[in-house]
Amino acid sequence: MSVYLLRRLIQAALVMLAMSVIVFVGVYAIGDPVEILISPDADQAERARAIAALGLDKPLWEQYLAFLSNAVRGDLGRSFVFNEPALKLIGQRAPATLELAFGATFLAILVGLPLGLYAGLRPNGAGAKAIMAGSILGFSLPTFWVGLMLIMVFAVQLGWLPSTGRGETAEFLGMRWSFLTQDGLAHMVMPALNLALFKISLVIRLTRAGVRETMLMDYVKFARAKGLSPQRVIGVHVFKNILIPVVTVVGLELGSTIAFSVVTESVFAWPGMGKLIIDSINVLDRPVIVAYLMSIVLMFIVINLVVDLLYSVLDPRVRLESK
Amino acid sequence: MSATTAGDAPVAKAPRVETPFRRFVSEFFESKIATGALVVFSVIVLVAIFAPLISPQNPYDLAQLDIMDGRLEPGSRNGADTMTYWLGTDDQGRDMLSGIMYGLRISLIVGAGSAIAAALVGASLGMLAAYAGGRTDTVIMRLVDLQLSFPTILSALMILAFLGKGIMNVVLALIVVEWAYYARTVRGTALVERRREYIEAAQCLALPTRRIIFRHLLPNCMPPLIVVGTIQIARAIALEATLSFLGLGVPITEPSLGLLIANGYEYMLSGKYWISFYPGIALLVTIVSINLVGDHLRDVLNPRLKK
């Protein structure tokens with residue numbers, strides 16, 4: 001086990017290193033940083049001084065090493081726009097994105113499970129067919145467009161919900177959260193639902209497939225033969241068994257929910273990390289772009305590592321196979 | 001694009017021999033939903049191809065636009081009373097119907113183009129991995145795993161952050177995002193197929209490797225490749241629209257459906273819904289029809305689902 005753990009850790013570190021090269025080369029070498037970092041009014045001498053100060057006259061590998069050693073110490077440069085450390089900016093925006101992603105995941109389970117259960121129990125009914133058609137739509141609908149339509153219907157036409165922003169926030173654990181205030185919650189409903197749309201379809205399909213499979217199992221037949229009430233058979237024997245794959249997939253999807261919140265945040269002007277990165281790309285605020293990409297990549301590598309390790313704990317075949 | 005070739009295939013009259021292809025065509029048209037979706041998709045493709053001939057207005061010809069006609073409701077007449085804006089106009093006084101027809105062109109070209117290019121790259125690498133095996137296989141599949149472990153939008157975002165916007169950059173980003181799906185599919189199928197007797201026979205006949213791969217192995221890997229390809233076209237169109245909406249995709253001079261929707265964003269809060277609504281409907285119908293065709297293709301082409 002420890003050998004496997006070590007191998008996996010080294011692998012993760014190598015991937016992180018490779019991604020840092022890609023991000024560095026992509027952001028700093030493809031474009032011309034001089035053009036963006038130094039004002040166009042500067043004369044030759046000023047330019048040369050600024051280039052030397054920024055280390056841009058050094059060979060690329062030296063620049064990369066400097067970048068890497070700074071990155072390890074948690075310094076990914078200062079934002080040109082906000083004039084603050086890029087990582088600090090990301091940290092400030094993270095709670096907004098995290099609460100949105102968790103809210104969406106919660107909604108996906110809350111809405112998806114019952115619908116999937118129903119569709120799985122009565123697979124040939126009209127209700128089940130409507131639910132499945134809806135889930136195809138959920139996969140096909142472009143997220144950003146659904147977000148716009150939500151705003152149009154619920155904010156503009158009906159006026160029930162606020163259209164954009166985060167609303168009032170309350171402090172908890174030293175960070176500002178929207179879900180703690182009523183106004184903040186009202187602001188969160190539409191973005192969370194929008195972000196959840198894809199996951200809801202996913203949960204519906206997983207649950208339905210799980211229910212249909214589980215209903216044929218011997219232990220379900222046995223529970224029925226024992227004379228247990230249908231509620232108990234479904235609520236305990238079936239439900240518990242379908243929860244495992246559903247929770248696994250939804251947990252795995254959390255990372256991609258955070259990545260896809262870029263779209264939802266842009267539609268609803270939700271001030272999270274996603275909105276920050278889009279704004280930064282548009283004004284070429286390179287340190288923030290680098291900081292965002294590196295932290296998201298790190299997050300994915302950690303998620304993948306944890307999942308792999310959990311699997312190897314739960315299923316010994318995984319670590320035997322990799323030998 | 002495979003869907004259209006299947007649809008256009010004439011059902012031959014004369015000697016009715018049941019070739020695999022004919023069986024496939026007749027099985028495909030058994031499903032009314034899939035047939036309907038194919039018809040809708042074909043109409044969309046035709047509209048996109050013939051947009052310059054059938055659109056009421058050339059939305060990029062500034063001489064034809066009248067800024068006084070800006071943000072008119074659907075069904076309004078234009079200032080000179082010569083035409084009707086059936087789907088309204090945008091802030092520039094551009095007819096939305098014409099804008100959508102031209103936008104479809106961009107969306108379809110980017111979607112289909114990137115899907116085909118990604119299929120070429122992915123299928124070649126997948127085939128190489130399956131046929132070479134060993135270290136080559138490990139390296140390629142590790143890359144595939146790495147690519148698939150990151151969400152599509154993140155990879156695309158990264159590439160566009162490096163390269164900047166533009167149609168070619170979007171296509172490139174979509175290829176990078178999609179190739180891994182093809183590579184994995186082709187490798188999986190090729191690994192199974194290369195152990196079959198016909199490959200053994202071909203090898204016994206001492207056919208050149210190139211011939212075995214292209215004439216024997218590849219054609220037998222086509223069915224799953226076609227299914228993945230169809231679904232990936234839909235995904236590419238959706239992703240391109242999303243990127244354009246975020247302002248990272250196609251340039252303003254060549255608006256795809258996503259950019260048209262983005263243009264209407266600021267006017268929606270004042271109740272002018274049509275600028276965003278109708279391009280979205282066009283996008284939705286396109287994506288759903290491709291997905292339905294792809295879904296049914298999977299059912300027809302998957303031997304495991306046959307009775």
Contact part of [X] toward chain A, heavy-atom cut-off under 4.5 Å: side chain, backbone, both or neither?
X      : answer
B/L248 : side chain
B/L246 : both
B/L157 : both
B/L146 : side chain
B/I33  : neither
B/R235 : neither
B/A161 : both

Between [X] and [Y], which heavy-atom pair has the shortest distance, and what is it?
X      : Y      : answer
B/G247 : A/N282 : O-OD1, 3.8 Å
B/I287 : A/S140 : CG2-O, 3.6 Å
A/F268 : B/Y265 : N-OH, 4.4 Å
B/F162 : A/L293 : CE2-CD1, 4.1 Å

Is [X] in contact with chain B via its backbone, its side chain, both, or neither, using a 4.5 Å heavy-atom distance?
X      : answer
A/L148 : both
A/V15  : side chain
A/E265 : neither
A/V146 : neither

Would a 4.5 Å heavy-atom cut-off, applied to side chains only, mark [X] and [Y] as touching?
X      : Y      : result
A/F260 : B/T242 : no
B/M158 : A/V297 : yes
B/L154 : A/F300 : yes

### Query
For the residue pair B/F245 and A/F144, does the interplanar ring angle fall in the parallel (under 30°), tilted (30 to 60°) or perpendicular (over 60°) class?
parallel
### Query
What residue in B/G258, B/A262, B/P151 has the most heavy-atom pairs under 4.5 Å with chain A?
B/P151
### Query
Which one, B/I159, B/I281, B/L292, leads in non-hydrogen pairs under 4.5 Å with chain A?
B/I281
### Message
Among A/I303, A/L141, A/L137, A/I301, which residue has the highest count of heavy-atom pairs closer than 4.5 Å to chain B?
### Response
A/L141
### Message
Counting heavy-atom pairs under 4.5 Å with chain B, which one of A/T143, A/I136, A/V263 comes out on top?
### Response
A/V263
### Query
Does OH in A/Y64 sit with more than 12 non-hydrogen atoms of other residues, nucleotides or ligands closer than 6.0 Å?
yes
### Query
Can any side-chain N or O of A/W145 pair as donor or acceptor with the backbone N or O of B/S276 at less than 3.5 Å?
yes
